[in-house]
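Throughout, protein chains are lettered first and strands after them, A, B, ... in sequence-line order, and every chain is numbered starting at 1. Only heavy atoms go into these numbers, but all of them, side chains included; no hydrogens, no water, no symmetry mates.
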Protein chains: 2
Amino acid sequence: MDSGAGRRPEPTMRDVAALARVSAKTVSRVINDQPGVGPEAIERVRAAARTLGYRPNLTASSLRRSDKRSATIGVLFEDLSNPFDSALLRAVEDRARQSGVLVLAGSSEDDPSLQRELLASLASRRVDGMVVMAVGGHQDALQQERERGTPMVLVDRPPTFGETDSVTTTNRESAREAVVQLAELGHRDIAFLGDRQTLWTSHERYTGYLEGLAHSGLKLRKDLVCTDLKGPDLAEQATAALLDLPDPPTALFTAQNLVTVGAMRVLRSRRMHHRIAQIGFDDFPLADMLEPGITVVRQDVPGLGRKAADLIFARIENHHLPPSHAVIPATLIRRGSGEIPPES
Amino acid sequence: MDSGAGRRPEPTMRDVAALARVSAKTVSRVINDQPGVGPEAIERVRAAARTLGYRPNLTASSLRRSDKRSATIGVLFEDLSNPFDSALLRAVEDRARQSGVLVLAGSSEDDPSLQRELLASLASRRVDGMVVMAVGGHQDALQQERERGTPMVLVDRPPTFGETDSVTTTNRESAREAVVQLAELGHRDIAFLGDRQTLWTSHERYTGYLEGLAHSGLKLRKDLVCTDLKGPDLAEQATAALLDLPDPPTALFTAQNLVTVGAMRVLRSRRMHHRIAQIGFDDFPLADMLEPGITVVRQDVPGLGRKAADLIFARIENHHLPPSHAVIPATLIRRGSGEIPPES
DNA sequence: GCGCACTACGTCAACGTTGACTCAGGAGGA
DNA sequence: TCCTCCTGAGTCAACGTTGACGTAGTGCGC
């Protein structure tokens, strides 16, 4: 074993060339399957590379190559341990692998300065492109990066600046659909519980909620709207407060995953989960195993990821494509909780 | 905007040097905070770098530097969209960020040839180290990589070869603890449902099951042992078959996440979830919201990830450290399903 | 006034690879 | 026979950066 020795120096093309008694350039040709090398020279080079355990140095290669490709893309999401983000990452990774590209991944934690830092880190490594879930607020850093010509695709949230590809979900339309379904069951007091309004998705879903009410001829009750619920604790408090109203809602539209779970928790602890309707945005595991099953709007996460990857690779291939804004449809999955009619 | 223009060439040190009227070396010194540059030269270089939007090329830098560090590590897990894997990735990423290191991530899908390919891909990019969840079976590719001197830490599964760091969970001990708890409640017919036996973790948990039985003076009933349940479908079939036995089990030890869920599903559909005890290995979201809550052995996933990252960075710093094998304790979380006594 | 140390730079080559070019030798045609 | 073309190589420099080393100028002690 390696005990005692430090990291062995990697053999270089020159080492292989010396052993095969050819020039380094010939080794380069063999490694890159370029023509102009005779069969027995090819064999000598291959044998030498094998015995030395030679592996090409991609960093040196991409430094010298004319296209400067690093065969690496950057992925900058909010939190890689979040199931949504990791499913997205996996979809991007799968598509990248087909092109022999590896993925540098980072979590921005919705922190602009961290995003800026990671962006610079990716840029220093000269990635071929970036797939970014932009943090809320100003996107100056992203815009600057894009304006330098770095291929970039925004996922889940659209760019606030021009000429940049994006992939999003039908947030507004699907939220609206959920609310309309509740209204058609006879609900007239439908509460909205959502995440931070600075997040584009949250805001879109709220707009969809408003549209759904309007479409169904319902009046907006401002006391039934709870926004900026960051995390399950705030969601639980908000749900409890709603239920304690003199005129409580008969249905909840919970516009984010953790909010959905927080609300569920409160409904269950009050044994009201069979009497109050609930539709959540974004599916989650075991939603079908609860009593009742939780009706949700399911986003096509792998679809989002695949599309994002397709776009980034298309953009890398051709910088001059017109920007593309893909919208991936979400689906309403009826499991019971969203099909509870109002009482009396 | 960038419309029409291809990717703008990145400014180099020479560009900055020309603008600041100094040599490239001086720019290098300023960028790396090295001494030997006067204050006003520093200012000129800084200003020039700002106006040009200069960002150092880390690939060129790591090519030339003596230590050859790329400030990048590789992470090779089974499936990055799996919550266990992604939580692990996140923990590694957090630790890496502290050292200014980025993470190249890949999913091996438990496929030896894919793992081999990704390993080569990482090696070509000259990562400083690798954190690997080894695929089952032969680990030759990993061993070869390790023998070349690449710093490597195996997570969740130990190496079958020497001189390599690893981090694992108390699979056997915790499985044993779970089974002993069931036995102490009076259960005598405790079934084992587990994933593929080729996986080290599955095998360990099975061994723990056997130890638990032995410790409690129970005899092994081979007809209650179901292994190699890959995926929830097989788990459901196996559970159904167990319950259809003339002498069915009164408690289930489900040794893997998807198996746990599959078994739960069958118990619920047969309305037996309040009569048959169940303890699962590995926690999952909403386990506490079901009726009854699911008792599980919870692994300390962030702890595993942190430790793995600590080890890889220690190894990168010092190749000569003796190999370290960390074992992170798991905890039994009692929620109800594992505290159901046998009937009559 | 001379040597010496010290500071603030600059010069050069090299990291591992590849694009552009050169070149020897043989085949083939006029 | 001579010229051209093609094949299978090799040579050289450069990608962007930094380690090793060189050097001009200043300050200071004796």
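B:D128 and B:S70 share a side-chain donor-acceptor pair at under 3.5 Å.
A salt bridge links B:R97 with B:E93; the closest basic N to acidic carboxylate O contact falls under 4.0 Å. We find that A:E43 and A:R50 are joined by a salt bridge, their nearest charged nitrogen and carboxylate oxygen being less than 4.0 Å apart.
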Go through the steps for B:E317 and B:R69 under the test salt bridge (charged side-chain N to carboxylate O under 4.0 Å, His left out), then give the verdict.
CA-CA 11 Å; B:E317 286 309 317; B:R69 297 266 178 93; 3.6 Å; yes
Taking it one step at a time, do B:D310 and B:R306 satisfy salt bridge (charged side-chain N to carboxylate O under 4.0 Å, His left out)?
CA-CA 6 Å; B:D310 284 344; B:R306 264 195 305 275; over 6 Å; no
Write out a two-atom table: protein N or O, nucleotide N or O from nucleotides 26-28 of chain C, distance below 3.5 Å.
none

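Taking only side-chain nitrogens and oxygens, B:N32 comes nearer than 4.0 Å to OP1 or OP2 of D:dT18. The shortest distance between the side-chain N/O atoms of B:T26 and the OP1/OP2 oxygens of C:dA8 is not below 4.0 Å. For the pair A:R65 and C:dT18, the criterion of a side-chain N or O lying under 4.0 Å from OP1 or OP2 is met. When the side-chain nitrogen and oxygen atoms of A:S61 are compared with OP1 and OP2 of C:dT18, one or more of them lie within a distance under 4.0 Å.
Between the base of C:dT17 and the side chain of A:R64 there is no donor-acceptor pair shorter than 3.5 Å.
Mapping B:L63 and B:S23 onto DNA chain C by nearest heavy atom places B:S23 closer to the 5' end of the strand.
For A:P56, the listed nucleotide lying nearest its side chain is C:dT17; candidates were C:dT17, D:dA20, C:dG19. Of the candidate nucleotides D:dG19, C:dA20, C:dT17, D:dG19 has the atom lying nearest to any side-chain atom of B:K25.
For the salt bridge (Lys or Arg N to Asp or Glu O under 4.0 Å) test, residues two or more places apart in sequence or in another chain that qualify with A:R55 are A:E10, B:E145.
Shown for residues 35-48 of chain A: residues whose heavy atoms fall under 4.0 angstrom of DNA chain D, namely A:G36, A:V37, A:G38, A:A41.
For the side-chain hydrogen bond (donor to acceptor under 3.5 Å, both in side chains) with B:R125, the lone residue among A:T59, A:N57, A:T72 that qualifies is A:T72.
Within the nucleic acid shown, A:V22 comes within 4.0 Å of sugar-phosphate atoms alone, with no base atom in reach, counting heavy atoms only.
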